[in-house]
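All values below were derived from every heavy atom in this structure, side-chain atoms included, with hydrogens, water molecules and symmetry-related copies excluded.
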Amino acid sequence: MKFLIETERLILRDLQETDDKGMFELDSNPVVHRYLGNKPITSIEQARNVIAGIRNQYADNGIGRWAAIEKSSGNFIGWSGLKFITTIENNRTHFHDVGYRFIPKYWGKGYATESAKAALQYGFNTLKLEEIIGTCHEENKASRRALEKCGLQFVEKFMHEDINCDWLRISKQEWENLLNKKKSI
């Protein structure tokens, strides 16, 4: 499955096997995993397995996280996009989650918000979704702010694998209302 979405500063595309070095740089960094509750990877083979798993999601679910490429440099900066969740999370299953993960030198530049907005547009316009969820560690204020800037609203706190998390959501109607409000300003 091929994806190619452009934002002002990013190219969002399907993850490819050649993204293995960038994925290793991302997922081997302990700072990146601070709020994730998992351990950094330790080999390029693990990075390749992560990419293969996401590519399987494209085939199985028609969606998965995208490689995020910075237009100005051409660099792989991380991933962003939608994922179809098939496991139980917050007593729910079979929902679309918007998420992102970036190499730390690209933090604080607004890429999370920019790429998440593109993912919402794709989800609501192309996939015809009625609702998109976003979750984050309750202490990850930057991630929560990015989701809220996209229009997601806090619903509740929940535990996920012994981590206190925030559950946010946006409906298609709420997203369309936000777009219409921006157009009228």
Side-chain angles (χ1 to χ4, degrees), residues 1-7 9-71 73-90 92-109 111-120 122-123 126-127 132-137 139-140 142-144 146-147 160-163 165-167:
M1 182 161 276
K2 295 285 184 187
F3 299 99
L4 183 60
I5 293 113
E6 287 195 46
T7 68
R9 301 176 297 156
L10 299 173
I11 295 171
L12 304 170
R13 60 157 171 77
D14 52 303
L15 275 157
Q16 301 166 0
E17 293 172 359
T18 54
D19 294 319
D20 59 351
K21 289 177 184 66
M23 185 65 79
F24 180 74
E25 182 181 355
L26 173 70
D27 271 353
S28 65
N29 188 327
V31 174
V32 171
H33 290 266
R34 178 176 177 199
Y35 298 116
L36 300 177
N38 51 20
K39 294 188 174 157
I41 62 174
T42 57
S43 72
I44 196 77
E45 189 59 37
Q46 287 174 299
R48 291 176 182 139
N49 290 339
V50 169
I51 292 168
I54 293 170
R55 292 185 62 77
N56 284 338
Q57 292 170 19
Y58 300 156
D60 294 344
N61 303 318
I63 196 66
R65 308 296 194 198
W66 304 314
I69 309 300
E70 185 181 53
K71 282 183 179 179
S73 67
N75 292 338
F76 175 97
I77 65 167
W79 56 253
S80 184
L82 299 170
K83 179 179 179 182
F84 185 62
I85 305 296
T86 58
T87 57
I88 296 174
E89 190 171 326
N90 195 20
R92 295 166 175 94
T93 187
H94 295 93
F95 60 89
H96 288 83
D97 169 81
V98 62
Y100 34 78
R101 187 179 302 170
F102 298 107
I103 296 167
K105 65 185 172 186
Y106 299 101
W107 291 0
K109 299 178 183 287
Y111 290 148
T113 302
E114 184 173 332
S115 62
K117 284 180 178 179
L120 292 176
Y122 186 87
T126 304
L127 298 178
I132 296 175
I133 301 300
T135 65
C136 60
H137 188 294
E139 294 176 11
N140 193 342
S143 184
R144 178 160 168 183
L147 292 170
H160 180 68
E161 298 178 4
D162 298 324
I163 298 172
C165 296
D166 292 339
W167 181 273

### Task
Start with the C-alpha distance between Arg55 and Asp14, add both sets of side-chain angles, then the distance that settles side-chain contact (heavy atoms from CB on, under 4.5 Å), and finish with yes or no.
CA-CA 8 Å; Arg55 292 185 62 77; Asp14 52 303; 3.5 Å; yes

Within the distance-only criterion (no hydrogens, no angle test), does the side chain of [X] pair as donor or acceptor with the backbone N or O of [Y] below 3.5 angstrom?
X: Thr93; Y: Thr86; value: yes
X: Asp19; Y: Gln16; value: yes
X: Glu114; Y: Thr7; value: no
X: Arg13; Y: Leu4; value: no
X: Ser115; Y: Ala112; value: yes

Nearest heavy-atom neighbours spanning [X] and [Y]:
X: Ser28; Y: Glu25; result: OG-O, 3.7 Å
X: Gly62; Y: Phe3; result: O-CZ, 3.7 Å
X: Gly81; Y: Ala119; result: CA-CB, 3.8 Å
X: Pro104; Y: Val31; result: CG-CG1, 4.4 Å
X: Leu12; Y: Ala118; result: CD1-CB, 3.8 Å

### Query
What salt bridge (Lys or Arg N to Asp or Glu O under 4.0 Å) pairs are there with at least one residue in residues 73-87, not counting sequence neighbours?
none

### Task
Could you walk me through whether Met23 and Asp20 pass side-chain contact (heavy atoms from CB on, under 4.5 Å), step by step?
CA-CA 5 Å; Met23 185 65 79; Asp20 59 351; 5.6 Å; no

### Query
Between Lys71 and Glu6, is the closest basic N to carboxylate O distance under 4.0 Å?
yes

### Task
Please name all residues satisfying salt bridge (Lys or Arg N to Asp or Glu O under 4.0 Å) with Glu45, sequence neighbours left out, ordered by chain then number.
Arg48

### Task
Could you pull out all residues at least two apart from Lys21 that satisfy salt bridge (Lys or Arg N to Asp or Glu O under 4.0 Å)?
none

### Message
Please evaluate residues Arg65 and Asp97 with respect to the criterion side-chain contact (heavy atoms from CB on, under 4.5 Å), reporting the C-alpha separation (whole Å), side-chain torsions for both, the decisive distance (0.1 Å), and the verdict.
### Response
CA-CA 10 Å; Arg65 308 296 194 198; Asp97 169 81; 2.7 Å; yes

What distance do [X] atom [atom1] and [Y] atom [atom2] have between them, rounded to the nearest 0.5 Å?
X: Ile44; Y: Asn49; atom1: CD1; atom2: CG; answer: 10.5 Å
X: Asn75; Y: Ile103; atom1: CG; atom2: CD1; answer: 8.0 Å
X: Phe84; Y: Leu127; atom1: CZ; atom2: CG; answer: 11.0 Å
X: Ile133; Y: Leu147; atom1: CD1; atom2: CG; answer: 10.5 Å
X: Leu82; Y: Asn61; atom1: CG; atom2: CG; answer: 11.5 Å
X: Phe24; Y: Phe76; atom1: CZ; atom2: CZ; answer: 13.0 Å

Partners passing side chain to side chain donor-acceptor pair (under 3.5 Å) against [X] (at least two apart in sequence or in another chain):
X: Asp27; result: Arg101
X: Gln57; result: none
X: Thr113; result: none

#### Entry: Name of the residue among Trp79, Tyr58, Tyr122 meeting ring-ring contact (aromatic ring centres under 6.0 Å, His included) with Trp66
Tyr122

### Message
Is there a side-chain contact between Thr135 and His160 in this structure, where contact means two heavy atoms from C-beta onward sitting under 4.5 Å apart?
### Response
no

### Message
Could you walk me through whether Arg92 and Trp167 satisfy the side-chain contact (heavy atoms from CB on, under 4.5 Å) test, starting with their C-alpha distance in whole Å, then the side-chain angles of each, then the deciding distance to 0.1 Å, before giving a yes or no?
### Response
CA-CA 11 Å; Arg92 295 166 175 94; Trp167 181 273; 3.2 Å; yes

